[in-house]
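Some notes on the structure that comes next.
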2 protein chains.
Amino acid sequence: MRIGEIARRSGVSVRALRYYEEQGLLVPGRSPGGQREYTEDAVQRVRAIQQLYAAGLPSRRVAELLPCMDTDTTTDHQRAMLRAERDRIRAQIDELTATLARLDELVDAADRRG
Amino acid sequence: MRIGEIARRSGVSVRALRYYEEQGLLVPGRSPGGQREYTEDAVQRVRAIQQLYAAGLPSRRVAELLPCMDTDTTTDHQRAMLRAERDRIRAQIDELTATLARLDELVDAADRRG
DNA sequence: CTAAAACCTCACGTAGACGTGAGGTGCAAG
DNA sequence: CTTGCACCTCACGTCTACGTGAGGTTTTAG
């Protein structure tokens with residue numbers, strides 16, 4: 001598939017896909033004419049990338065983590081990083097939960113006032 | 001208190017505090033000589049600002065939400081926004097929870113392999 | 001009164017994930 | 001063979017929450 005269709009299917013922009021290649025996150029093949037050729041699973045990979053971005057990871061981390069999802073082998077470094085990022089996300093969830101509680105209080109207080 | 005002490009107590013930089021003033025999030029008084037004079041509760045307010053920033057809200061939203069935490073009155077607009085941001089944060093927590101599960105799987109798989 | 005902190009106001013620099021043309025090429029249709 | 005859309009490669013622009021001097025003033029310690 002070409003870049004336009006992947007963009008439509010995955011919901012990201014063409015520019016974003018080129019950026020992912022530049023960052024080494026999703027490197028497609030090339031047609032004889034030089035156009036990018038993506039395989040089917042590229043869409044899944046894009047979703048994974050977006051999910052990790054949404055968790056606050058920078059491209060470098062995503063580039064280091066994606067191989068762990070592809071292959072079934074992990075180096076010590078990768079395992080340490082997996083744990084670190086997992087812990088970071090846990091802390092992030094805890095903080096968001098606290099913020100949510102705070103906003104809930106405000107909403108409830110407003111509702112009680114009419 | 002002056003800006004340096006607030007910075008130390010709240011853990012943010014002096015520059016950040018000036019920025020908060022510029023954004024209308026935390027506007028201190030001024031000494032006769034023109035220096036910023038903060039009250040005690042400024043530290044709490046800084047923490048609230050940081051918490052909202054951490055939840056992904058931009059300055060504009062924070063500026064709109066902070067009054068809800070100060071006064072006990074809310075406009076319709078404020079209440080709608082409170083709900084909207086609350087829902088956004090809920091969704092964010094859900095997505096992070098999914099990401100966490102995914103990373104947990106990877107960590108567990110790596111652990112099982114030795 | 002003086003020196004040194006600590007503060008002040010511009011105002012440009014930064015990082016990250018793209019947006020947005022500019023100018024040129026590949027490819028399927030007619 | 002030519003239109004025309006989708007694609008290509010630079011390469012500068014954008015937005016946010018500050019970082020980082022430059023150059024000058026206020027406050028405090030001695």
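It should be emphasised that the depicted structure is a prediction, and the values quoted were computed from it without experimental measurement.
Salt-bridge check for B/R30 with B/E21: passed, with a basic side-chain N closer than 4.0 Å to an acidic carboxylate O. Looking at B/R2 and B/E5, no side-chain N of the basic residue comes within less than 4.0 Å of a carboxylate O on the acidic one, giving no salt bridge. Salt bridge B/R61/B/E64: present, at least one basic N to carboxylate O contact under 4.0 Å. In this structure, B/D104 does not pair ionically with A/R83, as no charged nitrogen and carboxylate oxygen lie closer than 4.0 Å.
A donor and an acceptor atom, one from each side chain of A/Y20 and A/S59, are nowhere located under 3.5 Å apart. A side-chain donor from one of B/T74 and A/R113 sits under 3.5 Å from a side-chain acceptor of the other.
Counting to the nearest Å, the P atom of C/dA15 and the OH atom of A/Y53 are 16 Å from each other. Atom pair B/Q35:CD and C/dC8:P shows a separation of 5 Å (rounding to whole Å applied). To the nearest angstrom, P of D/dA6 lies 13 Å from CD1 of A/I3. One can place CZ of A/R2 at 11 Å from C1' of D/dC8, the figure rounded to the nearest angstrom. The CZ-C1' distance, from A/R8 to D/dC7, rounds to 12 Å in whole Å.
Heavy-atom distances under 4.0 Å link DNA chain C to no residue of residues 38-51 of chain B. Only B/R18, B/R30, listed by number, bring a heavy atom of residues 16-31 of chain B to less than 4.0 angstrom from any atom of DNA chain C.
Counting heavy atoms of neighbouring residues, nucleotides and ligands inside a 6.0 Å radius, atom CG of A/D108 exceeds 12 of them. Heavy atoms of other residues, nucleotides or ligands lying less than 6.0 angstrom from CG of B/D76 number 12 at most.
Within the 4.0 Å cut-off from OP1 or OP2 of D/dA17, at least one side-chain nitrogen or oxygen of B/S59 is found.
In this structure, B/E5 and B/R15 both approach DNA chain C, and ranking their closest nucleotides by distance from the 5' end singles out B/E5. The residue among B/P58 and B/G34 whose nearest nucleotide of DNA chain D is located toward the 5' end is B/P58. Both B/S13 and A/R36 lie near DNA chain D, and the one whose nearest nucleotide falls closer to the 5' end is A/R36.
Of the residues A/R86, A/E85, A/Q51, A/Q92, the one that meets the side chain to side chain donor-acceptor pair (under 3.5 Å) test with B/T99 is A/Q51.
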